[in-house]
Amino acid sequence: DLKSRAKPESFILPPNGGYGHRLVVDLIAENAATAVELAEAPAQPAPDGRPAMDQIVIAIDAGHGGEDPGARGPRGTKEKDVALSIARKLAKLVNAEPGMKAVLIRDGDYYIGLRERTLKARKAQADLFISIHADAFPDRSARGSSVYVLSQRGASSVHARMLAERENAADLVGGVQLSGRDDRDAFLLSVLQDTSLEASFDVANRLLGEMRQINPLHKRDVQQAGFMVLKSPDIPSVLVETAFISNRHEEVKLSDAQHQDSIARALMRGIRGYFSNYRPSTVATADASNG
């Protein structure tokens, strides 16, 4: 059934939620570029000689999907459904913004591997990657919104570490793989990620400030953890935990279309604020060539 030659990779997933032991086989096209190769490749110009990207591109990632429902609320609300609904609402707002374009990483009830999510964002030449989720904790009184950026040196809290472990368990092959790469590649990735992490903190703080207007915050500061989905080497990337789906009160709010609209608008304000002070170099170059 394959349209081209592919290289198989397999791994084992331990029991998680309602699933037992699983054998997962990924079929990766032999001509698929690695994250390092993509990072080294220059942007392709349009036929008229201008940069190919003349809009700010926002990659919006609805967490989980398909056979991976994510967390479940006491009333049975699934995280994957809430995340997709908010992602679609945010995409509409982004597309209505002059000079911006939304790319939905997932626009249906199907699963996408964590590594593939970051590669899709790179293929779209995204200027920002935002992953939307709903938090969960055994203590159902836990509540509030959080915003995360990548950490390669340990999580900022026990909850952040547990959350990253739970999210990453959905796909053990993800992010940037350094095995088999030489020292030059490792150094390149380190420099790229340090730069994008700085920008990630900027937009994360703005998103956190806007989320504070519509929901209590679980943590007052931007949190860090080793989320695989945030490991794109050169795209500012953030993960938003909109609220605790395990909290009965917040589950009801997350299921409400109007509250989902409020979340999407808050995220849009944060995105708009970030790009009002920063525009991608390709866009700035295009503007300069016109002026």
Side-chain angles (χ1 to χ4, degrees), residues 43 46 51-65 79-110 112 116-134 145-149 196 199-215 222 227 229-230 232 234-243 254 256-287:
M53 183 177 62
D54 58 3
Q55 290 180 306
I56 294 173
V57 179
I58 313 297
I60 305 172
D61 172 46
H64 307 279
E79 180 183 2
K80 67 175 183 177
D81 297 331
V82 170
L84 181 58
S85 181
I86 295 173
R88 285 172 170 168
K89 291 175 183 293
L90 177 58
K92 288 183 179 179
L93 294 176
V94 169
N95 286 330
E97 192 77 8
M100 288 192 185
K101 173 187 175 183
V103 173
L104 281 168
I105 301 299
R106 173 172 76 87
D107 193 16
D109 187 17
Y110 48 86
I112 300 178
E116 186 180 350
R117 294 174 191 244
T118 59
L119 291 178
K120 286 187 71 171
R122 292 215 81 265
K123 185 177 180 180
Q125 299 185 40
D127 300 293
L128 175 65
F129 178 92
I130 177 169
S131 190
I132 299 174
H133 292 257
S145 305
S146 306
V147 180
Y148 289 82
V149 298
S196 65
S200 299
F201 264 109
D202 187 328
V203 68
N205 273 302
R206 295 173 189 272
L207 294 174
L208 195 65
E210 295 298 339
M211 290 297 293
R212 179 186 287 113
Q213 307 303 317
I214 63 168
N215 203 49
V222 173
F227 291 98
V229 78
L230 299 182
S232 184
D234 60 344
I235 304 174
S237 302
V238 297
L239 185 146
V240 179
E241 294 287 355
T242 51
L254 286 172
D256 180 72
Q258 289 187 337
H259 186 69
Q260 291 177 0
D261 286 336
S262 296
I263 293 173
R265 287 194 296 269
L267 296 178
M268 186 67 237
R269 290 194 298 271
I271 292 170
R272 188 185 296 116
Y274 171 69
F275 283 108
S276 68
N277 290 337
Y278 167 82
R279 288 183 66 82
S281 58
T282 50
V283 176
T285 302
D287 290 346

Closest approach of [X] to [Y] (non-hydrogen atoms, all atoms of both residues):
| X | Y | value |
| --- | --- | --- |
| A264 | K89 | CB-CB, 3.8 Å |
| S200 | P236 | OG-CA, 3.3 Å |
| A124 | V103 | CB-CG2, 4.0 Å |
| A266 | I214 | CB-CD1, 4.0 Å |
| A87 | L104 | O-CD2, 3.6 Å |
| Q125 | V57 | O-CB, 3.9 Å |

Measuring from [X]:[atom1] to [Y]:[atom2], what's the distance to the nearest 0.5 Å?
| X | Y | atom1 | atom2 | value |
| --- | --- | --- | --- | --- |
| I263 | L254 | CD1 | CG | 5.5 Å |
| I132 | H64 | CD1 | NE2 | 12.0 Å |
| I56 | L128 | CD1 | CG | 9.5 Å |
| L207 | I271 | CG | CD1 | 6.5 Å |
| M211 | S262 | CE | OG | 9.5 Å |
| I58 | L267 | CD1 | CG | 11.5 Å |

Is there a donor-acceptor pair closer than 3.5 Å between any side-chain N or O of [X] and the backbone N or O of [Y]?
| X | Y | value |
| --- | --- | --- |
| R117 | I112 | yes |
| E79 | A134 | yes |
| N95 | A91 | yes |

| message | Restricting to side-chain contact (heavy atoms from CB on, under 4.5 Å), what partner residues turn up for S131, sequence neighbours left out? | response |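 Listed in chain order: D61, F129, H133, V229, L239.
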
Among all residues two or more places apart in sequence or in another chain, which pass the side-chain contact (heavy atoms from CB on, under 4.5 Å) test with A204?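 Residues passing side-chain contact (heavy atoms from CB on, under 4.5 Å) with A204: V147, V149, V222, V238.
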
Open item on the list: Can you tell me which residue among K92, R265, R272 is in a salt bridge (charged side-chain N to carboxylate O under 4.0 Å, His left out) with E97?
Closed with: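 Checked K92, R265, R272 against E97; only one passes salt bridge (charged side-chain N to carboxylate O under 4.0 Å, His left out): R272.
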
Practice problem: Take atom NZ of K120 as the centre, draw a 6.0 Å sphere, and report whether it contains more than 12 heavy atoms from other residues, nucleotides or ligands. | Solution: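 Count over threshold, so yes.
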
Can you pull out every side chain to side chain donor-acceptor pair (under 3.5 Å) where at least one residue sits in residues 203-214? Sequence neighbours excluded, please.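 Pairs touching residues 203-214 that pass the test: D202-R206, E210-R269.
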
